[in-house]
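These figures come from a predicted structure and were not determined experimentally. For ligands, and for the atoms within them, numbers begin at 1 and follow the listed sequence.
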Amino acid sequence: MSTGISRRGFIKAGVAAGLTTRIAGASTLKSKPDVIVIGTGLSGLNAASLLEEMGAKTLCLEARSRPGGRLFSHPTVTGNPEWGGDSILGGYARMQDTARRLGIKLIDHQGRRELSPEAHSDPKRVELALGGKLISRDEWPNHPLNAMPDGARNRFPGRGFFQGEIGKHNPLASFADWMKPQSAKYDRSAYEFFKELGWSDAAIELNYNTNVQYGTSAHDVSMLMWFFVQAWFKLQGDVARVAYKVDGGNQRFPETMANALEGDVHYNKQVVGIRSGKNEAEVHCHDGSVYKAGRVVCSMPIPTMRWVKFDPLLSPAKAKAIRTVQVQRITKVVMVPKKPFWEEDGLSPAMWTDTEAGEVRALREGEDSNAVTCLMAWGRGHLADRLDTYGDEVAMQRVLAAYEKLRPAAKGQLELAGIKSWQSDPFAGGDWAIWGPGQVTESLPALMEPAGRVHFCGEHTATSNRGMEGAMESGERAAFEVAKLLS
Ligand SMILES: Cc1cc2nc3c(=O)[nH]c(=O)nc-3n(C[C@H](O)[C@H](O)[C@H](O)COP(=O)(O)OP(=O)(O)OC[C@H]3O[C@@H](n4cnc5c(N)ncnc54)[C@H](O)[C@@H]3O)c2cc1C
């Protein structure tokens, strides 16, 4: 179900506000577009699509040979597990509306995704492994490695636990308040917040820094970001407890969006320079080609903008934000079981470990919603970097070995089906934006601001959503920003 107004309703609302009258003088020439959109991830595609609806002629330049950017589905493993963006949640109005408009079939995987560490029924249950050993639920409360905060010794460590604690102390009345000036006082480290709750360093190390989801440790993430994230995720579930995935893999989503564009999409066009002139903008590609248009929408992820020459130079605040805002580091390994070895040892195939296997999820994405189709090991933060240093083949073998060491029944029963390091991907440079202490207030607004004829979108410029819906939101904001100037 969609929760926001429909796309047509949105465009109409824009027109009523005088924003989106059909763009006057929009070029009909085949050769020169009104707007060049750099990047064909969800944000760039949504910007291009909306600009076309408002009458602009667009041209998309994409460095890869495919659209979708951080949406990338495994081509052969059953259920097309996602290397990148995975779940389309209840409040993703733009994603759901676009799916409906373009006839993209969404399947709700919520029942299969319930990997709550608190769940006690196989195969949703997650095993805990610390210090090289599996620890049973019965052993855990009195186990020597149990560093849970007082009153929580029977709780499973990690995000499920600490996000609940954040929820109890979240000062934001609404997730939308995170950008308000009065919220700036919370733009400090998550470490400070946990210490104020009375947590020991060991509790922070166990819960936050092990299998870290945002940043590399509690020191380098802003608590203001977490207050937003917690409230925003809660809202998603309150709207509808769903986790959609596209039939055939999420990559079908941007592919369908790209095919629906009227303007051309040029693939294998790596942008290396953007010049914003008095009357037009120029986009320079690695192969020497140069494109011109009245406006440019740049949807490139933060790290990849570090490798682009901007002329004139960007403002100090924007340049600083591009150089200093971090993105999450994630390396994933997919392993396909030859037989359900977990039936032999009576444990769940999913594990939360402090080994090189990181957090291992058991995906059930085939026709039979109970059958495990693959295991996906997530290495995050410094673990992702460490895996990358080994090279792909050795990294996969080490993840497999770490898993088999904990689970002898798995020996010889898992087939390696690929590895993906997002930080080693030259057209991503990492995953989602991580706001460090002070950066929500300083860097996020700077990343959004236009530079001459260049406008910016991408999930890192979203203020009301994260992930895929954030990317769509940002493309929409950039499209209206440009449309106002073209009309
Ligand atoms: C492991 C992982 C799990 C995730 N899970 C979820 C989830 O469950 N739910 C959710 O909502 N979101 C999730 N996300 C986030 C979501 O996938 C992203 O927020 C979203 O896809 C980003 O879209 P974007 O358009 O901002 O960026 P991108 O998709 O990265 O698009 C940017 C485009 O720019 C192109 N580009 C880069 N450099 C150049 C250049 N020099 N010249 C030309 N083109 C260039 C890229 O190739 C790319 O196509 C996840 C992401 C990852 C990686």
Look at [atom] and say which protein heavy atom is nearest, naming residue and atom and giving the distance to 0.1 Å.
| atom | answer |
| --- | --- |
| atom 20 (C) of ligand 1 | Ala471 CB, 4.2 Å |
| atom 15 (C) of ligand 1 | Gly467 CA, 3.9 Å |
| atom 32 (C) of ligand 1 | Ser299 O, 3.6 Å |
| atom 1 (C) of ligand 1 | Trp83 O, 3.3 Å |
| atom 21 (O) of ligand 1 | Arg70 CB, 3.9 Å |
| atom 24 (P) of ligand 1 | Ser43 OG, 3.5 Å |
| atom 31 (O) of ligand 1 | Gly41 CA, 3.3 Å |
| atom 9 (N) of ligand 1 | Ser87 O, 3.1 Å |

key: Winner among His460, Met468, Glu82, Glu62 once heavy atoms are compared against atom 10 (C) of ligand 1   = Met468
message = Tell me the nearest of Gly429, Pro67, Ala243, Gly84 to atom 52 (C) of ligand 1, using heavy-atom distances.
response = Gly84
request  = State, to 0.1 Å, how close Pro157 and Leu206 come at their nearest heavy-atom pair, and which atoms those are.
outcome  = CB-CG, 3.7 Å
request  = Could you pull out the closest heavy-atom pair between Lys269 and Asp287, with the gap in Å?
outcome  = NZ-OD2, 2.6 Å
Is there a donor-acceptor contact under 3.5 Å linking the side chains of [X] and [Y]?
| X | Y | answer |
| --- | --- | --- |
| Arg159 | Gln213 | yes |
| Glu365 | Thr373 | no |
| Ser222 | Gln439 | no |
| Tyr291 | His266 | yes |

In ligand 1, which numbered atoms sit nearer than 4.0 Å to a non-hydrogen atom of [X]?
| X | result |
| --- | --- |
| Asp86 | 5 (N), 6 (C), 7 (C), 8 (O) |
| Gly69 | 29 (O), 48 (C), 49 (O) |
| Lys269 | 42 (N), 43 (C) |
| Tyr92 | 9 (N), 10 (C), 11 (O) |
| Gly68 | 29 (O) |
| Glu459 | 19 (O), 22 (C), 26 (O) |
| Arg64 | 46 (C), 47 (O) |
| Lys332 | 1 (C) |

Contact check, side chains of Arg380 and Glu359, non-hydrogen atoms, under 4.5 Å = yes
ask   = Has Arg306 got more than 12 heavy atoms of other residues, nucleotides or ligands less than 6.0 Å from its CZ?
value = yes
ask   = Can you tell me if NZ on Lys420 sees more than 12 non-hydrogen neighbours from other groups inside 6.0 Å?
value = yes
With heavy atoms under 4.0 Å as the rule, classify the contact between [X] and ligand 1 as side chain, backbone, both or neither.
| X | value |
| --- | --- |
| Trp422 | side chain |
| Ile38 | side chain |
| Val271 | both |

key: Parallel, tilted or perpendicular: ring planes of Tyr186 versus Phe227, cut at 30 and 60 degrees   = perpendicular
task = Would you check if the distance from the ring center of Trp226 to the ring center of Phe162 is below 6.0 Å?
result = yes
query = When the ring centroid of Phe156 is compared with that of Phe161, is the distance short of 6.0 Å?
reply = no
task = Taking Lys332 for its side chain and Glu82 for its backbone only, find out whether a donor-acceptor pair lies under 3.5 Å.
result = yes
task = Kindly confirm or rule out an N or O of Gly44 lying under 3.5 angstrom from an N or O of ligand 1.
result = no
key: Sub-3.5 Å N/O-N/O distance, Gly458 and ligand 1   = no
key: Salt-bridge contact Asp108-Arg241 (side-chain N to carboxylate O under 4.0 Å)   = no
ask   = Does Pro301 reach ligand 1, in the sense of a heavy atom lying below 4.0 Å from it?
value = yes
key: Close approach of Cys457 to ligand 1, heavy atoms, under 4.0 angstrom   = no
From CA spacing to verdict: side chain to side chain contact (heavy atoms under 4.5 Å, CB included), Val360, Met376 = CA-CA 5 Å; Val360 183; Met376 185 177 273; over 6 Å; no
